[in-house]
Amino acid sequence: QVQLVESGGGLVQAGGSLRLSCAASGRMFSSMAMGWFRQAPGKEREFVAAISWSGGKTYYADAVKGRFTISRDNAKNTVYLQMNSLKPEDTAVYYCAAGWTPTSQARDYNYWGQGTQVTVSS
């Protein structure tokens with residue numbers, strides 16, 4: 001079993017930065033791929049970024065490529081999402097998720113956090 005708790009969300013102006021953290025409990029974290037997804041009001045949950053268990057492979061949605069960076073620290077059981085050059089369209093609830101493969105499909109992830117709100121003002 002893996003429990004995930006996100007933090008670091010908030011209100012930021014367009015062009016600003018935020019770093020989200022996702023703290024995991026359980027021994028399986030270091031063996032699992034991690035993903036970040038987001039859901040804006042009235043929209044479906046969408047893929048943002050994913051990282052392999054070792055951190056050696058990362059994947060990004062086109063909408064965030066070059067602006068967001070996913071990373072992990074297995075010693076701290078934590079995965080991060082550094083978000084730079086934020087845009088109003090990045091406003092959403094951001095969720096971290098754990099699974100066995102770093103895919104862009106939400107159905108491939110077994111465990112989910114409760115989400116953290118990110119609001120980008122124009």
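By convention here, the first residue in the shown sequence is residue 1. Values in this document were obtained by computation on a predicted structure and should not be read as measured data.
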Using atom types as modelled, flag every donor-acceptor pair under 3.5 Å from a side chain in residues 4-24 to any protein atom, sequence neighbours excluded.
from: E6; atom 1: OE1; to: Q114; atom 2: N; distance (Å): 3.0
from: E6; atom 1: OE1; to: Q114; atom 2: NE2; distance (Å): 3.4
from: E6; atom 1: OE1; to: G115; atom 2: N; distance (Å): 2.8
from: E6; atom 1: OE2; to: C96; atom 2: N; distance (Å): 2.8
from: E6; atom 1: OE2; to: G115; atom 2: N; distance (Å): 3.3
from: S17; atom 1: OG; to: N84; atom 2: OD1; distance (Å): 2.9

Checklist outcome for this item: Residue pairs passing the ring pair (Phe, Tyr, Trp, His ring centres under 6.0 Å) test with at least one member in residues 53-84, sequence neighbours excluded, are none

Checklist entry - Do you reckon M83 sits in the same ILVMFWY cluster as F47, going by side-chain contacts under 4.5 Å, direct or chained? => result no

Next on the checklist: If we ignore hydrogens and angles and just use 3.5 Å, is the side chain of R72 paired with the main-chain N or O of G55 as donor and acceptor?
Outcome noted: no

Next on the checklist: Once salt bridge (charged side-chain N to carboxylate O under 4.0 Å, His left out) is applied, do any residues pair with E46, and if so which ones, sequence neighbours excluded?
Outcome noted: R38

Checklist entry - Taking only residues two or more places apart in sequence or in another chain, which ones pass side-chain hydrogen bond (donor to acceptor under 3.5 Å, both in side chains) with T119? => result Q117

Checklist entry - Taking only residues at least two apart or on different chains, which pairs with a member in residues 30-86 satisfy disulfide bond (SG atoms under 2.5 Å apart)? => result none

Checklist outcome for this item: When rounded to the nearest 0.5 Å, the distance separating CE of M34 from CG of N74 is 9.5 Å

Item to check | Backbone of I51 reached by a side-chain donor or acceptor of T58 within 3.5 Å | outcome: no

Item to check | All pairs passing disulfide bond (SG atoms under 2.5 Å apart) where residues 40-80 contributes a residue, at least two apart | outcome: none

Next on the checklist: What I'd like to find out is whether the side chain of R45 reaches to under 4.5 Å of the side chain of W112, using heavy atoms alone.
Outcome noted: yes

Next on the checklist: If the condition is salt bridge (charged side-chain N to carboxylate O under 4.0 Å, His left out), which residues does K65 pass it with, not counting sequence neighbours?
Outcome noted: D62

Item to check | Sequence neighbours excluded - disulfide bond (SG atoms under 2.5 Å apart) pairs with any residue from residues 23-71 | outcome: none

Item to check | For Q3, all residues meeting side chain to side chain contact (heavy atoms under 4.5 Å, CB included), sequence neighbours excluded | outcome: S25

Next on the checklist: If I compare all heavy atoms of S52 with all of G56, which pair ends up nearest, and what's the gap?
Outcome noted: OG-N, 3.3 Å

Checklist entry - If you group Ile, Leu, Val, Met, Phe, Trp and Tyr by side-chain heavy-atom gaps below 4.5 Å, do V118 and I70 land in one group? => result yes

Item to check | Nearest-0.5 Å distance, CD of residue Q1 to CG of residue N110 | outcome: 10.0 Å

Next on the checklist: Filter on ring pair (Phe, Tyr, Trp, His ring centres under 6.0 Å), then keep only pairs touching residues 87-111, sequence neighbours left out; what's left?
Outcome noted: F37-Y109

Next on the checklist: Run the side chain to side chain contact (heavy atoms under 4.5 Å, CB included) test against Q105 and tell me which residues pass, sequence neighbours left out.
Outcome noted: T103, R107, D108

